[in-house]
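These notes concern the structure reproduced below.
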Protein chains: 2
Amino acid sequence: MHYTRDNMAGLLRSHDINPTHQRIEIAHALFSRQEHLSADQVMAIVNTRHSETSKATVYNTLKLFLEKGLVREVIVDPSKVFFDPNTDPHHHLYEVDSGKLSDIDAEHIQISGLPPLPPGMVTEGIDLIVRIRRKA
Amino acid sequence: MHYTRDNMAGLLRSHDINPTHQRIEIAHALFSRQEHLSADQVMAIVNTRHSETSKATVYNTLKLFLEKGLVREVIVDPSKVFFDPNTDPHHHLYEVDSGKLSDIDAEHIQISGLPPLPPGMVTEGIDLIVRIRRKA
DNA sequence: CACCAATCTGGACTTTGTCTAATTCCCGGA
DNA sequence: TCCGGGAATTAGACAAAGTCCAGATTGGTG
């Protein structure tokens with residue numbers, strides 16, 4: 001499957017998002033790379049050729065994608081949020097020194113022994129982050 | 001065990017930290033409450049009576065405590081870091097709406113199926129965050 | 001073509017955290 | 001007690017990420 005801009009339009013529509021130029025470019029940046037990108041990085045990518053998209057739009061759009069379930073938010077670094085085009089259940093491996101972030105497929109991971117939730121509450125998500133570092 | 005200021009001095013010394021007034025106050029804020037506090041909250045607590053401790057010192061001190069293993073950093077909210085006086089192995093339950101953060105004892109939790117680490121890397125920590133929300 | 005709602009924009013603003021140069025504190029020795 | 005010096009603290013300027021708003025643009029419809 002190629003992540004063409006046309007396919008992006010369809011993807012957006014299927015998530016109930018009006019596919020505008022800017023939104024298509026931002027989706028394309030995320031999905032064609034299949035990487036975790038910060039808002040800053042998205043801005044830089046989208047505006048490489050000619051300045052096209054404002055900071056406000058990048059932030060608004062990423063928030064919209066989040067609400068519509070098109071991307072996931074990954075909070076591992078206190079200084080910036082990453083956006084993840086992979087919404088399948090999965091976890092993260094974070095290289096503390098380099099800041100490199102990669103996926104761990106959730107398929108083979110078992111987490112057991114979690115306590116019952118307080119009444120009236122539901123789980124929104126379980127984030128498992130394995131922080132690793134080069135051996136000293 | 002009461003978390004008196006005198007006991008704090010001992011705790012700091014035992015972690016190879018020179019116990020100054022400000023450090024004792026900051027440690028006392030964290031340990032007497034046994035809660036997760038942000039740098040801002042620590043600032044507010046320490047300076048309630050009379051303004052005593054500058055922002056720079058609060059940040060420097062928290063970073064120092066972190067390096068010396070006296071507290072842990074909890075990254076759940078993109079907008080601020082929490083500091084956790086509980087350094088026993090444990091995980092976190094995060095109420096997305098209220099921002100309330102509580103501990104989950106790690107004792108009964110089993111995580112299996114993690115993939116092998118890349119060669120030459122070691123695990124620095126495993127953070128498990130259960131995000132919950134009031135049922136709609 | 002004109003209209004309207006949705007979208008986008010620049011830029012001011014806020015918040016969290018960092019940095020630096022100057023000051024203050026505290027301890028050990030004379 | 002007084003002094004010197006390294007450690008610690010300070011105020012405030014600065015940086016980076018993200019939010020907000022009022023006005024401009026866009027694009028689809030009659």
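Below, chains carry the letters A, B, ... as their sequence lines are ordered, and counting in each starts from 1.
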Value in whole Å for how far the [atom2] atom of [N] lies from [atom1] of [X]:
X: B:Glu25; N: D:dT9; atom1: CD; atom2: P; value: 12 Å
X: A:Leu64; N: D:dT19; atom1: CG; atom2: P; value: 14 Å
X: B:Met43; N: C:dT16; atom1: CE; atom2: C1'; value: 11 Å
X: A:Leu66; N: D:dG18; atom1: CG; atom2: C1'; value: 14 Å
X: B:Lys80; N: C:dT14; atom1: NZ; atom2: P; value: 16 Å
X: B:Phe82; N: C:dG17; atom1: CZ; atom2: C1'; value: 15 Å
X: B:Asp77; N: D:dT19; atom1: CG; atom2: C1'; value: 15 Å
X: B:Leu37; N: C:dT16; atom1: CG; atom2: C1'; value: 16 Å

[X] side chain near [N] phosphate (N/O to OP1/OP2, under 4.0 Å):
X: B:Thr20; N: C:dC25; value: no
X: B:Gln22; N: D:dT10; value: yes
X: B:His21; N: C:dC26; value: yes

- Query: Stepwise, does the side-chain hydrogen bond (donor to acceptor under 3.5 Å, both in side chains) test hold for B:Ser79 with B:Asp77?
  - Reply: CA-CA 5 Å; B:Ser79 75; B:Asp77 183 308; 2.7 Å; yes
- Message: Angle between ring planes, B:His36 versus B:His90, binned at 30° and 60°: parallel, tilted or perpendicular?
- Response: tilted
- Query: Taking C-beta and beyond as the side chain, do B:Ile132 and A:Pro118 meet within less than 4.5 Å on heavy atoms?
  - Reply: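 Yes, side chains in contact.
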- Non-hydrogen side-chain atoms of A:Leu30 and A:Leu37 separated by less than 4.5 Å: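 A:Leu30 vs A:Leu37: side chains touch.
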- Indicate yes or no: does A:Lys80 engage A:Asp40 in a salt bridge with an N to O separation below 4.0 Å.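 No.
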- Message: Applying a 4.0 Å non-hydrogen cut-off, can you work out what B:Ser38 is touching in the nucleic acid: base, sugar-phosphate, or nothing?
- Response: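 The answer is nothing, as B:Ser38 stays clear of every strand by at least 4.0 Å.
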- Task: Check every strand shown and say whether A:Ser79 touches a base, only sugar-phosphate, or nothing at a heavy-atom separation below 4.0 Å.
- Result: sugar-phosphate
- Contact summary for A:Asp84 and A:Val74, nearest pair of heavy atoms: CB-CG2, 3.8 Å
- Item | No-hydrogen, no-angle side-chain donor-acceptor test under 3.5 Å, B:Thr57 and B:Asn60 | no
- Message: Dot-bracket, 5' to 3', for DNA chain D please: Watson-Crick or G-U pairs under 3.5 Å, [ ] where pairs cross earlier ones, | where the partner sits on another strand, dots elsewhere.
- Response: ||||||||||||||||||||||||||||||
- Identify which nucleotide among C:dG17, C:dT9, D:dG27 has an atom closest to any side-chain atom of B:Val81, counting heavy atoms from C-beta outward. C:dG17
- Item | Close residues, residues 54-62 of chain B, relative to DNA chain C [heavy-atom separation under 4.0 Å] | B:Lys55, B:Ala56, B:Tyr59
- Item | Member of B:Arg134, B:Arg133, B:Arg131 meeting the salt bridge (Lys or Arg N to Asp or Glu O under 4.0 Å) criterion with A:Glu124 |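 When B:Arg134, B:Arg133, B:Arg131 are each tested with A:Glu124, the salt bridge (Lys or Arg N to Asp or Glu O under 4.0 Å) holds only for B:Arg133.
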- Task: Spell out, as yes or no, whether a donor-acceptor pair under 3.5 Å connects the side chain of A:Thr61 to the backbone of A:Val58.
- Result: no
